Amino acid sequence: MKICFPVEEDGGLDSPIYGHFGSAPGFVTFDTDTQRTGFINNRNAVHEHGACNPAAALAGAGVDAVIVGGIGHGAMLRLMDGGVSVYQAKDGAVKMDAENFMQNKLTKLGGNENLCGGGTHSCGH
């Protein structure tokens, strides 16, 4: 399974999770089967609030799940509509939350949450 984390820069498993999915400069991917990481640039990082489509940056990357600190409702629904599960980060670091994911310790979001602007992260809007 390939999971994805919004990050400011590619530090692999040592990357801190970026506070807002939509404006993250990039995404670290982690394959739970091979234990390999990758990086995807978010070409849609600069956006008007509510008008981003970072899910497009992940298109074709084979991502099964994203683990976020914060995400807007629209972006979450677009991911879910594309078959990508969304989970709330627990520790805020890629390595720790990858481990939390593999141990089923993260909360799967159902689409009714709006984690952007809810005080759970600093998305800068």
Side-chain angles (χ1 to χ4, degrees):
M1 174 176 266
K2 188 183 279 188
I3 53 178
C4 173
F5 304 83
V7 297
E8 187 165 355
E9 59 186 41
D10 183 11
L13 292 174
D14 294 324
S15 303
I17 295 174
Y18 195 76
H20 182 63
F21 175 76
S23 58
F27 305 97
V28 166
T29 60
F30 177 71
D31 188 310
T32 60
D33 296 324
T34 65
Q35 304 288 298
R36 292 187 179 187
T37 62
F39 185 76
I40 301 168
N41 283 316
N42 182 8
R43 293 181 192 97
N44 197 12
V46 178
H47 66 277
E48 297 272 331
H49 188 62
C52 63
N53 188 13
L58 303 180
V63 171
D64 301 298
V66 296
I67 298 172
V68 300
I71 187 169
H73 188 71
M76 182 169 30
L77 291 178
R78 280 190 290 278
L79 287 167
M80 292 170 63
D81 285 347
V84 177
S85 299
V86 181
Y87 293 83
Q88 176 67 57
K90 183 176 180 178
D91 288 312
V94 170
K95 183 176 184 175
M96 293 302 298
D97 277 321
E99 290 176 14
N100 286 330
F101 176 82
M102 291 185 292
Q103 296 171 7
N104 296 314
K105 292 182 178 179
L106 297 181
T107 301
K108 184 175 182 180
L109 303 176
N112 294 323
E113 305 87 353
N114 184 355
L115 300 177
C116 182
T120 59
H121 71 290
S122 59
C123 69
H125 299 294

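As a basis for the values below, the full set of heavy atoms in this structure was taken, side chains included, without hydrogen atoms, waters or symmetry mates. Small disclaimer: the values here were computed from a predicted structure and weren't measured.
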Output for pair (Phe30 CZ, Gln35 CD), nearest 0.5 Å, gives 4.0 Å
Is a side-chain N or O of Asn42 found less than 3.5 angstrom from the main chain of Gly22, in a donor-acceptor match?
yes
Only counting residues at least two apart or in another chain, list the ones meeting side chain to side chain contact (heavy atoms under 4.5 Å, CB included) with Gln103.
Lys105
Supply the atom-to-atom distance Cys4 SG to Leu79 CG, rounded to the nearest 0.5 angstrom.
8.5 Å
Answer with yes or no whether the hydrophobic clustering places Met80 together with Tyr87; edges join I, L, V, M, F, W, Y residues whose side-chain heavy atoms lie under 4.5 Å apart.
no
Scanning both residues in full, the closest heavy-atom pair of Lys90 with Leu106 reads CB-CD2, 3.5 Å
Closest non-hydrogen atom pair between Ser15 and Gly11, with its separation:
OG-N, 2.8 Å
Examine distances only and state if a side-chain atom of Lys2 and a backbone atom of Ala61 form a donor-acceptor pair shorter than 3.5 Å.
yes
What residues, two or more places apart in sequence or in another chain, satisfy side chain to side chain contact (heavy atoms under 4.5 Å, CB included) together with Met1?
Ile3, Thr32, Asp64, Phe101
Flag, side chain of Gln88 to backbone of Ile67, donor-acceptor distance under 3.5 Å
no
Whether the side chain of Thr37 engages the backbone of Leu13 through a donor-acceptor N/O pair (distance < 3.5 Å, no angle test) should be reported.
no
Ignoring hydrogens, what is the shortest heavy-atom contact between Ala89 and Gly92? Give both atom names and the distance.
CB-N, 4.5 Å
Is Ile17 linked to Val68 within one hydrophobic cluster, defined over Ile, Leu, Val, Met, Phe, Trp and Tyr using a side-chain heavy-atom separation of less than 4.5 Å?
no
Starting from Val84, can I reach Val94 by hopping between I/L/V/M/F/W/Y residues whose side chains sit under 4.5 Å apart?
no
Contacts of Asp10 meeting side chain to side chain contact (heavy atoms under 4.5 Å, CB included) (sequence neighbours excluded), chain-then-number -> Val28, Phe39
Enumerate the residue pairs fulfilling side-chain hydrogen bond (donor to acceptor under 3.5 Å, both in side chains) with a member in residues 91-101, sequence neighbours excluded, ordered by first and then second residue.
Asp91-Asn100, Asp97-Asn100
Value rounded to 0.5 Å, distance of CG in Leu58 from CZ in Phe21
5.0 Å
With sequence neighbours excluded, residues passing side chain to side chain contact (heavy atoms under 4.5 Å, CB included) with Glu8
Tyr18, Pro25
On a heavy-atom basis, the closest approach of Asp31 and Asp33 is OD1-N, 2.7 Å
